[in-house]
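Just so you know, ligand 1 is whichever comes first in the structure, and atom 1 is the first atom listed for that ligand.
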Amino acid sequence: MDTVNFKAAMRHVAASVCIITTTTRNRDRYGCTATAVCSLSADPASLLCCLNHASNSYAAIIEARTFCVNVLSAEHDGLADWFATNRPADEKFTIGDWRTGRTGVPVLGRAAAAFECTLGQIIDSGTHAILIGQVVEISVGGIEPRPLVYARGEYGQFAPLAAAQRAEGTQVAERRRPAGGKKTT
Ligand SMILES: Cc1cc2nc3c(=O)[nH]c(=O)nc-3n(C[C@H](O)[C@H](O)[C@H](O)COP(=O)(O)O)c2cc1C
C-alpha cells in the first residue's frame with residue numbers, strides 16, 4: 001500500500017483535536033497534540049489513543065502510567081499547533097491555562113472535556129502504540145464549547161449541520177436526516 005495515497009485519503013477523516021498530557025515521577029510535564037483518540041467502552045469507562053513510539057509523550061506516559069486526554073475547543077487552535085512540536089516539554093506548558101488534576105496530570109481549563117486515565121493495555125503496531133486508558137476522572141467545561149476539529153490539513157470547529165445549512169441557505173429535502181438516527185454508544 002502506497003503511504004502517500006493513504007495519507008491523502010486520511011486527510012478526509014475529520015477528527016476531534018486533543019492534547020494528551022502526563023506528569024512523570026520527577027514532576028516533569030509532557031504533552032502532545034493528538035487526533036487518534038476514540039471512545040472504547042462506557043462500562044467500564046475507557047478510551048484509546050494512538051501515539052508514536054518516538055514521541056516524548058509516549059515515553060513519559062509509559063513511565064507515569066497515567067495520562068489525560070484534553071479535548072480542545074475552537075479557541076485552542078494555537079495551543080494545538082504549539083503542542084504538535086517537540087520543543088522542550090517544560091516550555092510547552094508556558095502557554096495555556098493548566099491545572100493539576102486529581103491524578104496529578106495536567107488538565108486544561110476550558111477544555112471541551114478532560115479525561116484523566118490510568119494506563120491499561122498497550123498494543124504495539126508499527127510506528128505507533130494503542131494506549132488504552134481506564135477513565136478515573138472527568139471534567140467538562142461549564143460553557144457549551146465548540147469542539148476543535150481537524151480535517152484536510154486544517155483546523156475547523158464543529159457546528160450542527162442544520163445551523164450550518166440555515167446559514168448557507170442550502171437545506172434540501174434529500175439532506176434531511178431520517179428520524180431515529182441516534183448513536184448508541
Ligand atoms: C492535528 C495533529 C494531530 C496529531 N495527532 C497525533 C496522534 O494522534 N498521535 C501521535 O503520536 N502524534 C500526533 N500528532 C503529532 C504530535 O503532536 C507531534 O509528533 C509532537 O511533536 C509530539 O510531541 P512530543 O514528542 O513532545 O510528545 C499530531 C499532530 C497534529 C498537528
Side-chain angles (χ1 to χ4, degrees), residues 1 3-40 46-96 98 100-101 103-108 110-135 145-159:
M1 179 48 63
T3 313
V4 175
N5 274 349
F6 175 72
K7 286 186 177 173
M10 285 302 290
R11 282 167 56 83
H12 300 286
V13 178
S16 262
V17 186
C18 305
I19 295 177
I20 300 179
T21 55
T22 193
T23 306
T24 61
R25 273 191 299 273
N26 296 341
R27 296 181 181 274
D28 294 324
R29 294 181 292 179
Y30 289 83
C32 72
T33 302
T35 47
V37 172
C38 179
S39 166
L40 180 57
S46 59
L47 53 74
L48 63 84
C49 56
C50 306
L51 283 187
N52 195 315
H53 290 122
S55 68
N56 296 318
S57 302
Y58 170 78
I61 290 169
I62 296 300
E63 189 214 294
R65 315 300 295 183
T66 52
F67 62 94
C68 183
V69 173
N70 297 276
V71 183
L72 302 188
S73 316
E75 67 185 80
H76 296 130
D77 59 329
L79 208 56
D81 271 341
W82 182 252
F83 274 80
T85 59
N86 52 11
R87 58 171 45 87
D90 53 348
E91 204 182 299
K92 285 187 174 179
F93 289 90
T94 58
I95 292 185
W98 296 99
T100 302
T103 61
V105 294
V107 176
L108 180 64
R110 296 177 65 84
F115 300 89
E116 292 178 59
C117 301
T118 56
L119 180 62
Q121 209 183 336
I122 304 163
I123 300 158
D124 292 314
S125 181
T127 52
H128 282 59
I130 302 171
L131 306 183
I132 295 181
Q134 305 298 340
V135 180
R146 282 185 183 269
L148 184 65
V149 176
Y150 188 75
R152 300 191 312 220
E154 286 190 287
Y155 295 110
Q157 59 182 350
F158 172 77

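- Taking a 6.0 Å sphere around CD of E91, one finds it holds more than 12 heavy atoms contributed by other residues, nucleotides or ligands.
- Ring geometry for F93 against F83 counts as perpendicular: the plane angle is over 60°, on a 0 to 90° scale with 30° as the lower cut.
- Scanning the protein heavy atoms around atom 11 (O) of ligand 1, the nearest turns out to be N52 N, 2.8 Å.
- At a 4.0 Å heavy-atom cut-off, ligand 1 does not touch D81 at all.
- With S73 contributing its side chain and R110 its backbone, the two residues share a donor-acceptor pair below 3.5 Å.
- Which parts of ligand 1 touch H128 is read off a 4.0 Å heavy-atom cut-off, strictly below it: atoms 11 (O).
- For T33 (side chain) and A80 (main-chain N/O), a donor-acceptor pair under 3.5 Å exists by modelled atom type.
- Looking at every heavy atom in both residues, S16 comes nearest to V71 through OG-CG1, 4.4 Å.
- Separating the OG atom in S55 from the NE2 atom in H128 is a distance of 7.5 Å, to the nearest 0.5 Å.
- Remark: ligand 1 atoms within the under-4.0 Å shell around heavy atoms of Y150 are 1 (C).
- Selection from A151, C50, A36, C49 by nearest heavy atom to atom 10 (C) of ligand 1 gives C50.
- Below 3.5 Å of separation, one finds an N or O of T33 facing an N or O of ligand 1.
- Within the 4.0 Å heavy-atom shell around ligand 1 one does not find V17.
- Considering backbone and side-chain atoms alike, N56 places an N or O below 3.5 Å from some N or O of ligand 1.
- Atoms of ligand 1 lying under 4.0 Å from any heavy atom of L51, numbered from 1 in the order shown and given with element: 9 (N), 10 (C), 11 (O).
- Within the 4.5 Å cutoff, the side chain of L108 has heavy atoms near those of the L79 side chain.
- Scanning all heavy atoms of the two residues, the minimum distance from L119 to L131 falls at CD1-CB, 3.9 Å.
- Paired with I122 under the rule side-chain contact (heavy atoms from CB on, under 4.5 Å), one option of I62, I130, I61 passes, and it is I62.
- The N/O atoms of S57, backbone and side chain alike, include one that comes under 3.5 Å of an N/O atom in ligand 1.
- Of the candidates C32, A84, A15, it is A84 that places a heavy atom closest to atom 18 (C) of ligand 1.
- In summary, the atoms of ligand 1 found under 4.0 Å from a heavy atom of K92, numbered by their order in the structure, are 23 (O), 24 (P), 26 (O).
- Considering backbone and side-chain atoms alike, Y58 places every N or O at 3.5 Å or more from each N or O of ligand 1.
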